[in-house]
Amino acid sequence: MSASTPSSRTPVGGPHLAVIGGGQLARMMAQAAVALGVPVRLLAEGPQVSAAQVVPDTTVGDYRDLETLRTVAAGCAAVTFDHEHVPTGHLHALAAEGHPCRPGPEALVHAQDKGVMRARLDELGVPSPRHRLVENAEEAVRFAESIDGLPIVLKTTRGGYDGKGVWVVASAGDCADAFAAAGSTGVEVLAEERVDFRRELSALVARSPSGHLAAYPVVESVQRDGICWEVTAPAPDLDADLAVEAQRIAMRVAAELDVTGILAVEMFETREGRVLVNELAMRPHNTGHWSMDGAVTSQFENHLRAVLDLPLGSPACREPWTVMVNILGGEHGELSEDLYAGYPHVLARDPRLRVHLYGKEVKPGRKVGHVTAYGDDLEEVRERARHAAAWFRGDLGMESE
Ligand code: ADP
């Protein structure tokens, strides 16, 4: 058999799509691309990362290297992303050479840098927690004194994820410790009021280059240790006006920042019944995974449709309630290492459950998959999803929920 590159074997017309980054988001984009018949060309961090396992046309390389990005983008209709870390200078270069980047660098910088994001949202009059860029612990304390006092939240403007780079600080000493930890990363620090929120909400929209928008129902997300744990769609008991307000903010931000693809706007619902924007993500988002099974069109399909400037699909719910629970690597028992061993029980117990595993090595606290349950009765749906995730984690019986 003669050798051939994977891409030269692809016998289809239509556009190719370049996806930068090989995590589970790229893997689930690839899943949607299979259904649409759109070939994906992947730039992955390694040959065995989550998306590289399922995309034959994979280049292993460094997304910080412009030449590598050029090679992957060549011949593709658009370039999109599994993560937000590609240097914007490289994206400007690609765009100038005729490779549409979606989202583009002017939009993406707002998802890369929380300081830039806060400044822009202030300009737009979008409600956020009170905040200030601070250079040292003393300034952080002064900021706290200018609002309601400590505790406040300190966060690095760049490079944080899943709660890394976010500290709740209750004393001058805590501020100094946070700066010591942040200082090693060499980035700016943003001080924010600590919002005593009722809960966290997320508003997702898909936006295409021609300006078409599809707004998903606003969902409730529960975080543990800064990591998304559980999502309920739609957010239970959400005031109808507040839901519209949250969607309106997400659509406005998408349009003003010229976002293409999925925009996730993470928000706090305050006890006074307002929404404050926490942060923006410009890619399919964990709070939208429920849509794979619970919406007419998944966030991954709408992301692809949007970046290819195709008509968007309906974001409406299929069932009254959908609950998604992440499977995080557990600390207990053999299931926590061998997720497949969880299937006989989980699938037999609940034939309506949907399971998504990412092909990732199980490490404690790492996102390795998610489960989704849907139906008419929220309590029952929640119990089914929680049970399955706990079983996969290997710590069933240890949790009280
Ligand atoms: P990351 O980039 O790591 O996702 P976030 O800014 O979203 O960081 O913060 C992670 C979590 O920390 C949030 O989901 C929320 O639970 C909590 N948090 C962040 N900022 C605040 C704030 N100003 N007030 C209260 N909690 C916050």
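Counting convention: from 1, in listed order, for ligands and their atoms alike. For reference, positions follow the sequence shown, starting with 1.
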May I ask you to check whether over 12 heavy atoms, not counting those of Arg274, lie within 6.0 Å of atom CZ? no
Carboxylate-amine/guanidinium proximity below 4.0 Å for Asp62 and Arg64: yes
With Glu230 as partner, the option from Arg386, Arg199, Arg224 fulfilling salt bridge (charged side-chain N to carboxylate O under 4.0 Å, His left out) is Arg386
Run the numbers on Glu45 and Val60 for side chain to side chain contact (heavy atoms under 4.5 Å, CB included), then give the verdict. CA-CA 6 Å; Glu45 301 74 9; Val60 174; over 6 Å; no
Asp148 and Arg194 ion-paired at < 4.0 Å: no
Residue, atom name and distance, where the atom is the protein heavy atom closest to atom 3 (O) of ligand 1: Gly163 N, 2.6 Å
Say whether His131 and ligand 1 are in contact under the criterion: heavy-atom distance to a ligand atom below 4.0 Å. no
State plainly whether the residues Arg142 and Glu138 are in salt-bridge range, i.e. N to O under 4.0 Å. no
Can you pull out the closest protein heavy atom to atom 13 (C) of ligand 1? Residue, atom name and distance to 0.1 Å, please. Glu200 OE1, 3.6 Å
Do any pairs count as a ring pair (Phe, Tyr, Trp, His ring centres under 6.0 Å) and have a residue in residues 39-85, sequence neighbours left out, and if so which ones? Tyr63-His83, His83-His85
Show which atoms of ligand 1 fall inside a sub-4.0 Å distance from at least one heavy-atom site of Phe197. 25 (C), 26 (N)
Should the pair Lys155-Glu192 be classified as a salt bridge under the 4.0 Å nitrogen-to-oxygen rule? yes
What residue and heavy atom of the protein are closest to atom 8 (O) of ligand 1, and at what distance? Lys114 NZ, 3.2 Å
Please check if a non-hydrogen protein atom sits closer than 4.0 Å to atom 17 (C) of ligand 1. no
For Lys155, the ligand 1 atoms with a heavy-atom partner under 4.0 Å come out as 6 (O), 19 (C), 20 (N)
Provide, to 0.1 Å, the distance between atom 21 (C) of ligand 1 and the closest protein heavy atom, together with that atom's residue and name. Phe268 CZ, 3.4 Å
Run down the list Asp196, Val166, Val195, Asn286 and name the one with the heavy atom closest to atom 12 (O) of ligand 1. Val166
Protein heavy atom at shortest distance from atom 11 (C) of ligand 1: Gly226 CA, 4.4 Å
Is ligand 1 under 4.0 Å from a heavy atom in the side chain of Asn278, in the backbone, in both, or in neither? side chain
Within 4.0 Å of some non-hydrogen atom of Glu279, the atoms of ligand 1 are 1 (P), 2 (O), 4 (O), 5 (P), 7 (O), 8 (O)
Quick one: which ligand 1 atoms are inside 4.0 Å of a heavy atom on Gln223? 14 (O)
With the threshold set at 4.0 Å, does a side-chain nitrogen-carboxylate oxygen contact exist between Arg120 and Glu123? yes
So the atoms of ligand 1 within less than 4.0 Å of a heavy atom of Glu193 turn out to be 22 (C), 23 (N), 24 (N)
